[in-house]
2 protein chains.
Amino acid sequence: MQLPEVDTARMCHARQILDRVGDKWSIAVIHALGADTLRFTELKRTIHGISQRMLTATLRTLERDGLVRRTVHPVVPPRVDYELTELGMTLLGIVCSLMGWAVEHGDAIDEARAAYDARPAGSPTG
Amino acid sequence: MQLPEVDTARMCHARQILDRVGDKWSIAVIHALGADTLRFTELKRTIHGISQRMLTATLRTLERDGLVRRTVHPVVPPRVDYELTELGMTLLGIVCSLMGWAVEHGDAIDEARAAYDARPAGSPTG
DNA sequence: TTCTCCTGGTTCCGTTTGGTAACTGACCCC
DNA sequence: GGGGTCAGTTACCAAACGGAACCAGGAGAA
C-alpha cells in the first residue's frame, strides 16, 4: 500500500516518544501548564483525578524530557513552580487540539458507547 | 488567572475521554489505520511492540467509542478488517500531528533527557 | 480419516503500573 | 511545644498489562 516511508526507524523512535507524550496525565499536565505557571498543589487541584504519586512522576518525566521547567523557591512553606519550556510550548498546540477534540466529540463518543453496549451480541457488519 | 472557563464540567468530561484517546496504543492504532484499512495481524505487525491482548482490548475500546469500525468476513481463514470511522478520521489529523511532533522533536527530547541524567543532583534552577 | 496450518481471539500467570494514604521536614501560629 | 501547610516520598495493595499457550474451524496435505 506504499505508505509514505516515514523512516521506519524514526517511526519506532516516535513510538517510544509517544509512550510518554501520549500519556493521559502528561497531556493533562501540559494542558494545565499551557494557561499559566502553576504550583504543585495548584496542578493537583486543576487535574482533579491525579494522585500526588502520579503528578510527581509525570512532572519528573516531563522535566526530564525538557517539556516542563521546575523552579524551586527556597522559602517556607516550600514553593515549586512548574511551567512549560519552549519545547513544551510546541506541544501545547497539539495538546489543546486534542482537548478541544475531546470536548467537541465527547457526546458523540458517549452515544457510540451507548449504542455499542446496546447491541445484542454482534453487529450486522455491513 | 481567569482561565477561559471552558465549562469545568465539560473539562472533566474531556479528561475521561482523554483517558483512552490519550492512550499510547490507541494513538498508535489510529495512526496505523489512518493510512489504510488493516487486518488484525497487519496491525500487530505495524505496531511492533503491541501484544495480541492489548491490540484486541484497544480495538474493542476504539470500536466501542465509535472511532474504529470492525468488519468480520465469514471466510476461512477468518478475516477481520479494521478501519477508522468518520469520527475516527476527525481524530486522525491530531494524532498525525502528535506523531509528527514526536518525529520532529525526538532528538530534542533525547538531548534533554541526556542533559537531565547528567545533572549532579539538583539544577541551579535559575 | 487424521494431521497440520492459518488467523483472530481468549485465558492463565507473572510483572509492572497506579491509587491510597500515611509520613517527612522546615517553619509559622497559637 | 503541638498542630498546620506545602512539596514530595514511601509502603502497601489492587488492577492493568505483557507473554505465551490454548481455542475455534475449515482448507489442504498425507
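Throughout, protein chains are lettered first and strands after them, A, B, ... in sequence-line order, and every chain is numbered starting at 1. Since this is a predicted model, take the numbers as computed values, not measurements.
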Novice: To the nearest Å, give me how far apart CD (A:Gln52) and P (C:dT17) are.
Specialist: 20 Å

Novice: Report the residue (A:Tyr82 or B:Ile50) whose heavy-atom-nearest nucleotide on DNA chain D is the more 5′ of the two.
Specialist: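 The residue mapped nearer the 5' terminus is A:Tyr82.
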
Novice: Would you give the length of the straight line joining atom CZ of A:Phe40 to atom CZ of A:Arg45, rounded to the nearest 0.5 angstrom?
Specialist: 11.5 Å

Novice: Looking only at side-chain atoms of B:Thr41, point me to the closest of C:dG19, C:dG8, D:dC6.
Specialist: C:dG8

Novice: The side chain of B:Val80 is closest to which nucleotide in this list: C:dG19, D:dG8, C:dG9?
Specialist: C:dG9

Novice: From the list D:dG25, C:dA21, C:dG18, which nucleotide is the closest neighbour of the side chain of A:Met54?
Specialist: C:dG18

Novice: Please determine, for the side chain of A:Pro78, which listed nucleotide (C:dG9, D:dG8, D:dA7) has the closest atom?
Specialist: D:dA7

Novice: So A:Thr56, base contact, sugar-phosphate only, or nothing? Heavy-atom distance under 4.0 Å.
Specialist: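 It contacts base atoms.
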
Novice: Taking atom P of D:dC17 as reference, at what distance in whole Å does atom CG of A:Asp23 sit?
Specialist: 12 Å

Novice: Taking the side chain of A:Arg53 as its heavy atoms from C-beta onward, which of C:dG19, D:dA7, C:dA21 lies nearest to it?
Specialist: C:dG19

Novice: Which angle, to the nearest 10 degrees, lies between the helix axes at the two ends of the helix from C:dT1-D:dA30 to C:dC30-D:dG1, each defined by five pairs?
Specialist: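 Answer for the end axes of this duplex: 20°.
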
Novice: Scan the side chains in residues 84-93 of chain B for donor-acceptor partners under 3.5 Å anywhere in the protein, sequence neighbours excluded, and list what turns up.
Specialist:
unit_1  : atom_1 : unit_2   : atom_2 : d
B:Thr85 : OG1    : B:Gly66  : O      : 2.5
B:Thr85 : OG1    : B:Leu67  : O      : 3.3
B:Thr85 : OG1    : B:Leu87  : N      : 3.4
B:Thr85 : OG1    : B:Gly88  : N      : 3.1
B:Thr90 : OG1    : A:Trp101 : NE1    : 2.8
B:Thr90 : OG1    : B:Leu87  : O      : 2.4

Novice: Side chain of A:Val76 only, heavy atoms from C-beta on: which candidate in C:dA26, D:dG8, C:dT7 is closest?
Specialist: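 Side chain of A:Val76 sits closest to C:dA26.
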
